[in-house]
Amino acid sequence: MQEFRIEDAHEFVGKEVTIKGWLYNKRSSGKIKFLLVRDGSGIMQCVVVKNNISPEKFELSEKIGLETSLMVRGKIKEEPRAIGGYEMEVIDFDIYQPVYDYPISKKEHGIEFLMEHRHLWIRSRKQHAILKIRHEIIKACRDYFDMNGYTLVDTPIFTPSACEGTTTLFETKYFDTSAYLTQSGQLYNEATAAAFGKVYCFGPTFRAEKSKTRRHLMEFWMVEPEIAWADLNDVMDVAEDFIVFIVKRVLENRKRELEVLERDISKLEKIEKPFPRITYGEAVEILKKKGVDFKDGDDFGGGDETVISESFEKPVMVHRYPIDIKAFYMQPDPEDENLALCVDVLAPEGYGEIIGGGQRIDDYELLLKKIKEHNLPVEAFKWYLDIRKYGTFPHGGFGMGIERCVAWICGIRHVRETIAFPRTLYRIYP
RNA sequence: UCCUCGGUAGCUCAAUCGGUAGAGCAGCCGGCUGUUAACCGGCGGGUUGCAGGUUCGAGUCCUGCCCGGGGAGCCA
């Protein structure tokens with residue numbers, strides 16, 4: 001069966017086809033009606049003229065409401081006045097299910113109402129565009145690592161202990177004991193990197209922090225490469241190359257969606273190598289120069305990140321944070337033991353941290369000491385210490401939060417629109 | 001967890017000092033052969049989040065609770 005999809009309309013000019021889809025919008029002008037039908041791939045203006053169709057069907061076309069599911073048969077022609085540049089002269093149509101009371105109207109809605117109807121909201125044009133771009137970004141992530149010698153090794157969702165002791169975990173029953181939902185695949189990636197050299201994992205991660213900002217979700221997706229024999233500079237090189245690749249891909253393949261979102265494409269076109277690389281100390285200088293009240297040695301807050309990133313047109317890599325504010329596995333800088341060999345990548349336009357990573361401790365004794373200093377249970381990290389016991393190796397990697405990356409590339413304010421069904425602090429429906 | 005703002009028609013909002021709850025859109029009826037969130041005319045539509053309290057009288061003031069938005073901390 002040859003399927004017709006609206007996005008392929010240009011191949012069907014002059015031909016008779018059938019669209020299976022949903023009524024997206026309709027306009028009427030007496031004896032001529034414009035049905036805007038969407039099929040998931042695009043929107044087609046279907047023109048129903050009174051004299052060209054049975055009187056019953058003409059009357060029916062007046063009555064059906066938005067999101068009625070239907071099959072429309074007609075001939076495709078070029079038409080500059082229609083969105084997409086093509087329209088269909090309708091010969092006949094059949095209703096699969098008539099709808100008269102679709103809750104989302106063409107006019108404005110509040111965010112609470114839209115989130116309550118998220119399962120329907122994703123049908124609308126902007127949400128559709130965002131999720132198409134999300135797909136493109138995810139595909140680009142996979143392609144980048146697949147093409148560069150990385151092996152995808154999935155890490156577990158159920159974990160026996162915290163990867164990073166500080167943050168809150170979602171606890172769940174695991175038969176007679178309890179388990180936690182993963183916060184990161186990194187520690188497991190370090191084990192698989194010793195088996196495969198270059199690896200990545202890609203999956204959902206869960207944080208039970210009661211965060212309630214436009215940059216936070218309880219459940220979010222993260223892609224995490226881990227590279228054997230890499231130092232901090234190697235990690236930064238990969239992160240930079242990776243981001244450039246993703247942005248280029250979206251610009252190549254999703255221009256139409258970016259237009260729907262009214263994204264300023266010129267800002268994305270500037271994303272090229274090299275990215276600025278500054279130390280934590282230099283970032284603090286920027287804050288102080290701009291009059292931000294900042295205590296040296298603290299971690300950056302969301303507002304601080306915005307101020308720093310707004311000083312650059314490209315993503316900025318901030319490296320060598322004070323080791324005290326970072327996770328236990330961070331390799332100290334040999335030139336200053338108080339600094340960690342880590343990097344955060346801050347997206348431009350105030351989108352904040354999209355990547356966090358660095359070089360991991362590869363010395364057994366030092367790692368053991370750090371685990372104890374952070375009051376973590378040594379027993380639970382026995383397997384992790386084994387990686388340093390049996391053929392240890394310098395290594396590093398990073399994690400990129402998909403939702404923040406999508407929000408930045410799409411130019412939308414809040415991460416909740418970058419995933420089909422966001423899990424936010426006070427909403428787990430639908 | 002803390003700070004802050006809000007909850008009124010299906011939706012988005014208004015309602016002066018505490019004094020008869022109102023508009024746009026959607027819906028319904030009618031008109032229009034090129035509309036672009038189409039347009040024009042007409043019509044219906046309310047447990048003011050919940051429970052108490054103050055008052056002659058509460059959408060409005062007070063107390064508690066519920067739900068949500070924005071932010072902080074923490075983080076991707």
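So you know, we letter chains A, B, ... as the sequences are listed, proteins then strands, and number each from 1. Below, each value reflects all heavy atoms present in this structure, side chains not excepted, and no hydrogens, waters or symmetry copies. Here the structure is a predicted model, which is why all the values come from computation and not from measurement.
For the C1' atoms, the distance linking B/rG44 with B/rA9 amounts to 11 Å, nearest Å. The separation of B/rG53 from B/rG69, taken at their C1' atoms, amounts to 29 Å, rounded to a whole angstrom. Separating the C1' atom of B/rG73 from that of B/rC3 is a span of 11 Å, rounded to the nearest Å. Comparing B/rG41 with B/rC56, their C1' atoms are spaced 45 Å from each other, to the whole Å.
Among the nucleotides B/rG34, B/rG69, B/rU1, the one closest to any side-chain atom of A/L425 is B/rU1. The listed nucleotides are B/rG71, B/rC75, B/rG34; the one nearest the side chain of A/R207 is B/rC75. You'll find that the side chain of A/K212 is closest to B/rG71, out of B/rU12, B/rU33, B/rG71. Among the nucleotides B/rG68, B/rG34, B/rU1, the one closest to any side-chain atom of A/K210 is B/rU1. Minimum atom distance to the side chain of A/F113 is reached by B/rU12, of the listed B/rU35, B/rU12, B/rG70. Distance from the side chain of A/V49 is smallest for B/rU33 among the nucleotides B/rA76, B/rU33, B/rC11. Minimum atom distance to the side chain of A/T213 is reached by B/rG73, of the listed B/rA76, B/rC75, B/rG73. Closest approach to the A/E87 side chain among B/rC67, B/rG34, B/rC75 is made by B/rG34 (side chain taken as heavy atoms from C-beta onward). Taking the side chain of A/K31 as heavy atoms from C-beta on, and the options B/rC32, B/rG70, B/rU35, the nearest nucleotide is B/rC32. Nearest to the side chain of A/E305, among B/rG71, B/rC75, B/rG34, sits B/rC75.
For the pair A/K57 and A/F93, the distance from NZ or CZ to the six-membered ring centre is under 6.0 Å and the angle to the ring normal is within 45 degrees. Geometrically, A/K63 does not engage A/Y100 in a cation-pi contact defined by less than 6.0 Å to the ring centre and at most 45° from the axis.
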Next on the checklist: Could you write out RNA chain B as dot-bracket? Rules: Watson-Crick or G-U wobble, both distances under 3.5 Å, brackets [ ] for crossings, | for pairs with another strand, dot for unpaired.
Outcome noted: (((((((..((((.....[..)))).(((((.......))))).....(((((..]....))))))))))))....

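A donor and an acceptor atom sit less than 3.5 Å apart, one in the side chain of A/S211 and one in the base of B/rC74. Looking at A/H216, its side chain comes within 3.5 Å of the base of B/rC75 through a donor and an acceptor atom.
The nearest whole Å value for the distance from the CD atom in A/E209 to the C1' atom in B/rC74 is 5 Å. One can place CG of A/L114 at 17 Å from C1' of B/rC67, the figure rounded to the nearest angstrom.
Where A/K326 and A/I32 meet RNA chain B, the nucleotide closest to each residue was compared, and A/I32 sits on the side nearer the 5' end.
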Checklist entry - Going through the checks in order, is the salt bridge (charged side-chain N to carboxylate O under 4.0 Å, His left out) test met by A/E313 and A/K267? => result CA-CA 8 Å; A/E313 288 188 325; A/K267 293 212 165 111; over 6 Å; no

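Within 6.0 Å of CD on A/E59 lie no more than 12 heavy atoms contributed by other residues, nucleotides or ligands. For A/E171, the CD atom counts as densely surrounded, since its 6.0 Å shell holds more than 12 non-hydrogen atoms of other residues, nucleotides or ligands.
Residue ring and base: A/F34 does not count as stacked with B/rG34 (centre distance below 5.5 Å and interplanar angle below 30° not both satisfied).
The side-chain contact (heavy atoms from CB on, under 4.5 Å) check on A/H128 picks up A/K132, with sequence neighbours excluded.
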